Amino acid sequence: MTDEDPLLGYADMAKIAGILPSTLRGYRSQGRMPPPDDDSVPDRPRWRLSTFQAWMRDRPGRGRSLNPRPPNDDS
């Protein structure tokens, strides 16, 4: 592990993202996160800071749906 690109667990990533660790766990169980960079301890996956930062840049924003509905033409 390098100091410039440390491995982070859910708690560290949640602090950076301003969300709860359980939200990140949910994202992972839904397949919405990249694979961990280190899964040597099965119940404690960790991601490199650079991996997490790249995911944060590309993830859907707050309130955006992954499957948006077409506009309703009933007007």
Side-chain angles (χ1 to χ4, degrees):
M1 177 168 80
T2 67
D3 290 336
E4 292 137 13
D5 199 13
L7 288 166
L8 307 172
Y10 288 118
D12 296 323
M13 293 187 304
K15 283 182 191 175
I16 293 168
I19 58 178
L20 296 172
S22 59
T23 301
L24 291 170
R25 287 185 188 93
Y27 287 167
R28 182 171 184 227
S29 71
Q30 296 165 9
R32 295 171 56 188
M33 287 191 63
D37 293 305
D38 175 31
D39 59 0
S40 59
V41 179
D43 63 340
R44 303 266 185 223
R46 299 185 299 168
W47 290 260
R48 292 260 175 225
L49 176 59
S50 60
T51 302
F52 183 65
Q53 288 171 330
W55 176 78
M56 287 289 293
R57 280 190 303 272
D58 296 337
R59 78 182 181 107
R62 182 180 294 175
R64 282 182 47 195
S65 172
L66 293 177
N67 298 307
R69 296 179 189 183
N72 187 347
D73 290 332
D74 289 346
S75 46

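Since the structure is predicted, the reported quantities are computational estimates derived from the model, not experimental observations.
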**Report entry** Chi angles and distances behind the side chain to side chain contact (heavy atoms under 4.5 Å, CB included) call for Trp47, Leu8
**Finding:** CA-CA 5 Å; Trp47 290 260; Leu8 307 172; 5.5 Å; no
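Taking 4.5 Å as the limit, every side-chain heavy atom of Pro34 sits out of range of all side-chain heavy atoms of Phe52.
Between atom CG of residue Leu49 and atom CG of residue Asp37 there is a gap of 10.5 Å, rounded to the nearest 0.5 Å. The line from CH2 of Trp55 to OG of Ser50 is 14.5 Å long, rounded to the nearest 0.5 Å.
Residue Arg44 places its CZ atom among 12 or fewer non-hydrogen atoms of other residues, nucleotides or ligands, all under 6.0 Å distant.
When every heavy atom of Pro45 is checked against every heavy atom of Pro42, the shortest pair comes out as CD-O, 4.1 Å. Nearest heavy atoms, Tyr10 versus Arg28: OH-CD, 3.1 Å.
Hydrophobic clustering (side-chain heavy atoms under 4.5 Å, transitive across Ile, Leu, Val, Met, Phe, Trp, Tyr) keeps Met56 apart from Leu20.
If you run side chain to side chain donor-acceptor pair (under 3.5 Å) between Arg46 and each of Asp39, Asp38, Thr51, only Asp38 comes through.
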